[in-house]
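In what follows, a structure is listed as structure tokens, so that the remarks can point back to it.
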Amino acid sequence: MDTLDNILEYNKKFVKNEGYKNFITSKFPDKKIVILTCMDTRLTKLLPEALGLNNGDVKMIKNAGGVVVHPFASTMRSILITIYEFDVKDVLIIGHDHCGMASVDKSYVLDKMLERGIKQETLDTIRNSGINLNEVLQGFEDVNESVLNSVNLVQNHPLVPDDVRVTGMVINPETGALRYAK
């Protein structure tokens, strides 16, 4: 049995045993907060636990590096929807120490794409259409700077109202210690 089969088998038991009842809540975040953070597996349970969050407390957006890379791409779209559809008052951007995006090697990723069967002509077509793959795959060197860049982008976004507070923080993925980005 592979991993997906195991997940599906577990899910059947979870539903049958009504395990979902512990998680029933509404789609509106109780604390009026949206958190943008990294997709790092170390944060899956640690971050909510370290912040004292329960199911239903916040909206959670995750991506590689926990960054807003474009003012009108999917991450910012999600933040805007939480503000206007779910009455979010606080945007919390949480990066973390030792993030893989701090050391991502764009050339390595592009080489891996070729090794996995993506054709060079496909990469060339994408580049020729105006998409900068180096920019798409860009990481960052300093997590504090990355968080503050995202905070700045959200705070100064023309569609974010002045009454929304935007805060940048960094979490230690081993201890859960949280600090303000500086």
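Note: hydrogens, waters and symmetry copies are ignored here, and every other heavy atom, side chains too, is used. Nothing here was measured: the structure is a model prediction, and the numbers come from that model.
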Quiz item: Within a strict 4.5 Å, meaning less than it, do heavy atoms of the L178 and V170 side chains meet?
Solution: no
Self-check item: Validation row: T167, Y180 side chains within 4.5 angstrom (heavy atoms)
Solution: yes
Practice problem: For Y84, look at atom OH and say whether over 12 heavy atoms of other residues, nucleotides or ligands are found less than 6.0 Å away. | Solution: yes
Self-check item: Rounded distance (nearest 0.5 Å) linking atom CG of L51 with atom CD1 of I171
Solution: 6.0 Å
Quiz item: Between CZ of F140 and OG of S103, what distance do you get to the nearest 0.5 Å?
Solution: 9.0 Å
Quiz item: For R179, does the CZ atom have more than 12 heavy-atom neighbours from other residues, nucleotides or ligands under 6.0 Å away?
Solution: yes
Quiz item: Going by heavy atoms in the side chains, are L36 and V91 under 4.5 Å from each other?
Solution: no
Exercise. May I ask you to check whether N134 and Q138 show a side-chain donor-acceptor distance below 3.5 Å?
Key: no
Exercise. Output the distance between atom CD1 (I93) and atom CG (L148), rounded to the nearest 0.5 Å.
Key: 9.0 Å
Quiz item: Side chains of Q155 and R165: closer than 4.5 Å at any heavy-atom pair?
Solution: no
Quiz prompt | CG (D2) with more than 12 external heavy atoms under 6.0 Å | solution = yes
Practice problem: Hey, could you give me the CG/CG distance between N11 and L8, rounded to the nearest 0.5 Å? | Solution: 6.5 Å
Quiz item: Between V88 and V164, which heavy-atom pair has the shortest distance, and what is it?
Solution: O-CG2, 4.1 Å
Quiz item: In terms of side-chain heavy atoms, does N55 have a donor or acceptor partner in T25 at a distance below 3.5 Å?
Solution: no
Self-check item: Closest non-hydrogen atom pair between P71 and H157, with its separation
Solution: O-NE2, 2.7 Å
Quiz item: Do the non-hydrogen side-chain atoms of L123 and Q120 ever get within less than 4.5 Å of each other?
Solution: yes
Quiz item: Ignoring hydrogens and geometry, is there a side-chain-to-backbone donor-acceptor pair from S146 to D142 under 3.5 Å?
Solution: no
Self-check item: Within-4.5 Å side-chain heavy-atom neighbours: N149 and V67
Solution: no
Quiz item: Do K106 and D111 sit within salt-bridge range, that is, some charged N less than 4.0 Å from a carboxylate O?
Solution: no
Quiz prompt | Parallel, tilted or perpendicular: ring planes of F23 versus F14, cut at 30 and 60 degrees | solution = tilted
Practice problem: State, with a plain yes or no, whether a side-chain heavy atom of T44 is found less than 4.5 Å away from one of K62. | Solution: yes
Self-check item: Distance-only side-chain donor-acceptor flag, N152 / N156, under 3.5 Å
Solution: yes
Practice problem: State whether the number of non-hydrogen atoms from other residues, nucleotides or ligands found under 6.0 Å of E49 atom CD is greater than 12. | Solution: no
Self-check item: Note: K32-D90 ion pair, threshold 4.0 Å (strictly below)
Solution: no
Quiz prompt | Spacing of K59 atom NZ and I83 atom CD1 [to the nearest 0.5 Å] | solution = 13.0 Å
Quiz item: Rounded to the nearest 0.5 Å, how far apart are CD1 of I61 and CG of L92?
Solution: 11.0 Å
Exercise. Would you check if M60 and T82 make a side-chain contact, meaning some heavy-atom pair closer than 4.5 Å?
Key: no
Practice problem: Apply side-chain contact (heavy atoms from CB on, under 4.5 Å) to the pair I81 and F86, showing each step before the final yes or no. | Solution: CA-CA 7 Å; I81 293 300; F86 301 108; 3.9 Å; yes
